[in-house]
Amino acid sequence: MMMHNNHPFHLVNPSPWPLTGAIGALVMVSGLVKWFHQYNNSLLFLGTLITLLTMIQWWRDITREGTYQGLHTLSVNLGLRWGMILFIISEVFFFLSFFWAFFHSSLSPAIDLGSSWPPMGIQPFNPFQIPLLNTAILLASGVTVTWAHHSLMDNNHSQTTQGLFFTVLLGLYFTLLQGYEYIEAPFTIADATYGSTFFMATGFHGLHVIIGTTFLIICLMRHLMNHFSSSHHFGFEAAAWYWHFVDVVWLFLFVSIYWWGS
């Protein structure tokens, strides 16, 4: 039964999903440790499954609240926008720590690194091969997601679908190329400070690309179910903001770690 309030805010009902999400995250991280040390990934699969089921059901509930129950008023929408902005700012500082570690070691390499950068014995990637292609892919995906957003604001359903589809496709292509690059890498995360900073920075960026692609896939599904209108589509807008953030981080990674750092 719907309750009518004399305020524009959304007071959420008790939900099991924060608890199941926390359990899924705990099991997944424990599964990662077990996989690394015992080469058994069964616990990791269980944690991933719990997390995925939580995501599906939690997003379903939020979609119902915002699309069908009309609970995402202008005030709630403003709060969601500020929440997303603060989340992206926290992500900026997250990546800042990796860049700090990289420049700390590369600008003044310690004697342990042979006083050179990259350290002796490390063969870095050619920045003008896969990294440059990945840069072009992400820049193109930034164009397609903007195309989709403007088409949505113009109530152009088919072009929004096309723009979102191509953005998802480019995100998946980027991830495949990054995976191939990791398989072919001539060094590992255990190879001096270079290996650890390289794989931590690019690996977490790759994870963010996967998360952003997941957001955009959900947005594409919701768009096909006519959940968005020209004036009510913050779910898509938040995904687009996140995708642009991922683009910008990659540009800094390409210039500093792949090009200058090599």
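Any value given below was found using the heavy atoms of this structure, including those in side chains, with hydrogens, waters and symmetry copies removed.
Other residues, nucleotides and ligands contribute over 12 non-hydrogen atoms within 6.0 Å of the CE atom of M153. In H157, the NE2 atom is crowded: over 12 heavy atoms of neighbouring residues, nucleotides or ligands sit closer than 6.0 Å. Summarising the local packing, CH2 of W100 is surrounded by 12 or fewer heavy atoms from other residues, nucleotides or ligands at distances under 6.0 Å.
The aromatic ring centres of F87 and F94 sit 6.0 Å or more apart. Close placement of the H208 and F95 rings is indicated, their centers lying within 6.0 Å of each other. Ring-centre distance between F215 and W241: not below the 6.0 Å cut-off. Between F174 and H205, the ring centre distance stays below 6.0 Å.
A heavy-atom distance below 4.5 Å is found between the side chains of L139 and L251. Contact of the F234 side chain with the H72 side chain is not registered, since no non-hydrogen atoms from C-beta on lie closer than 4.5 Å. Counting heavy atoms from C-beta on, the side chains of P131 and E181 come closer than 4.5 Å. For the pair T135 and Y258, the minimum side-chain heavy-atom distance is 4.5 Å or more. L170 has its side chain out of reach of L138: every pair of non-hydrogen atoms, C-beta onward, lies at least 4.5 Å apart. Within the 4.5 Å cutoff, side-chain heavy atoms of T146 are placed close to those of H244. The side-chain heavy atoms of L71 and V76, taken from C-beta on, include no pair separated by under 4.5 Å. Residues F198 and I189 have side chains not in contact (no heavy-atom distance under 4.5 Å, counting atoms from C-beta outward).
Checked by atom type and distance alone, the side chain of T144 never pairs as donor or acceptor with a backbone atom of F166 at under 3.5 Å. Distance alone, capped at 3.5 Å, is enough to place a donor-acceptor pair between the T167 side chain and the V145 backbone. The backbone N or O of L152 sits less than 3.5 Å from a side-chain atom of T160, completing a donor-acceptor pair. Checked by atom type and distance alone, the side chain of H233 pairs as donor or acceptor with a backbone atom of S229 at under 3.5 Å. Counting only distance, with no hydrogens or angles, the side chain of E184 and the backbone of Y180 share no donor-acceptor pair below 3.5 Å.
Listed here is the closest heavy atom pair of P127 and F254: O-CE1, 3.1 Å. Among all heavy-atom pairs drawn from S196 and T193, the shortest one is OG-O, 3.1 Å. Nearest approach of C219 to F236, heavy atoms of both residues: SG-CA, 3.6 Å.
Between Y194 and W117, the two ring planes are tilted [angle within 30° to 60°].
Cluster membership for Y182 and I137, using ILVMFWY side-chain heavy atoms within less than 4.5 angstrom, is shared. I50 and I210 fall into different hydrophobic clusters, where Ile, Leu, Val, Met, Phe, Trp and Tyr are joined by side-chain heavy atoms under 4.5 Å apart, directly or via other members. Residues W250 and L207 share a hydrophobic cluster, clusters being chains of Ile/Leu/Val/Met/Phe/Trp/Tyr side chains in contact below 4.5 Å. Criterion: ILVMFWY side-chain heavy atoms under 4.5 Å apart, direct or through other members. Under it, L176 and L172 are not part of a common hydrophobic cluster.
Think of W35 as one node in a network of Ile, Leu, Val, Met, Phe, Trp and Tyr side chains linked at under 4.5 Å; its network also takes in M28, L32, F36, L44.
Annotation: side chain to side chain contact (heavy atoms under 4.5 Å, CB included) contacts of N156 (sequence neighbours excluded): S151, S158, Q159.
One side chain, W243 or S141, offers a donor N or O that lies under 3.5 Å from an acceptor on the other. Counting only N and O atoms by type, the side chains of H223 and T161 include a donor and acceptor under 3.5 Å apart. A side-chain donor from one of D61 and W17 sits under 3.5 Å from a side-chain acceptor of the other.
We find the CG-CE distance between L164 and M221 to be 12.5 Å, quoted to the nearest 0.5 Å.
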